[in-house]
Amino acid sequence: HFDPDSLNAAAAAYNNVADPKYYLRSPEQIAELFQGFELLPPGVVSVPYWRPTGAPALGEPYDVDQFGGVARKR
């Protein structure tokens, strides 16, 4: 895991020279983006856990500092 200060510094350096911009968000902020949709299990989680029952291609899932979720329109 990277510490938050390192992640913020890396995002700021990237955003100084690149487009589109990179925005860091907490899992709670990401969950807010799903308002109006049905968030599917397992919800907003570290991305290796999106398919917790599937056969892991590279071993067991592990936490990474990248979060997401899957939803469907109601």
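Heavy-atom basis, side chains included; hydrogens, waters and symmetry copies ignored.
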Return all side-chain donor-acceptor pairs below 3.5 angstrom for residues 17-25, not counting sequence neighbours, or 'none' if the list is empty.
unit_1: Lys21; atom_1: NZ; unit_2: Asn15; atom_2: O; d: 2.6
unit_1: Lys21; atom_1: NZ; unit_2: Ala18; atom_2: O; d: 2.9

**Request:** Please report the closest heavy-atom contact between Ser46 and Val64, naming both atoms and the distance.
**Result:**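 For Ser46 versus Val64, the nearest heavy atoms are OG-N, 2.8 Å.
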
**Asked** Looking only at heavy atoms, which two atoms of Phe37 and Arg74 are closest? And how far apart?
**Response**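 Scanning both residues completely, I find the closest heavy atoms to be O-NH2, 3.0 Å.
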
**Message:** For Glu28, give me all partners under side chain to side chain contact (heavy atoms under 4.5 Å, CB included), at least two apart in sequence or on another chain.
**Reply:**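 Only Ser26 meet the side chain to side chain contact (heavy atoms under 4.5 Å, CB included) criterion with Glu28.
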
**Message:** Whether the side chain of Trp50 engages the backbone of Val70 through a donor-acceptor N/O pair (distance < 3.5 Å, no angle test) should be reported.
**Reply:**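 No; judged by distance alone, with no hydrogens or angles, the pair does not exist.
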
**Contacts of Arg72 that satisfy salt bridge (charged side-chain N to carboxylate O under 4.0 Å, His left out) - sequence neighbours left out** =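 In terms of salt bridge (charged side-chain N to carboxylate O under 4.0 Å, His left out), with neighbours along the sequence ignored, Arg72 is linked to Glu38.
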
**Asked** Rest of the hydrophobic cluster containing Phe34 (Ile/Leu/Val/Met/Phe/Trp/Tyr, side-chain heavy atoms under 4.5 Å)?
**Response**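 Ile30, Leu39, Val44, Phe67, listed by chain and number.
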
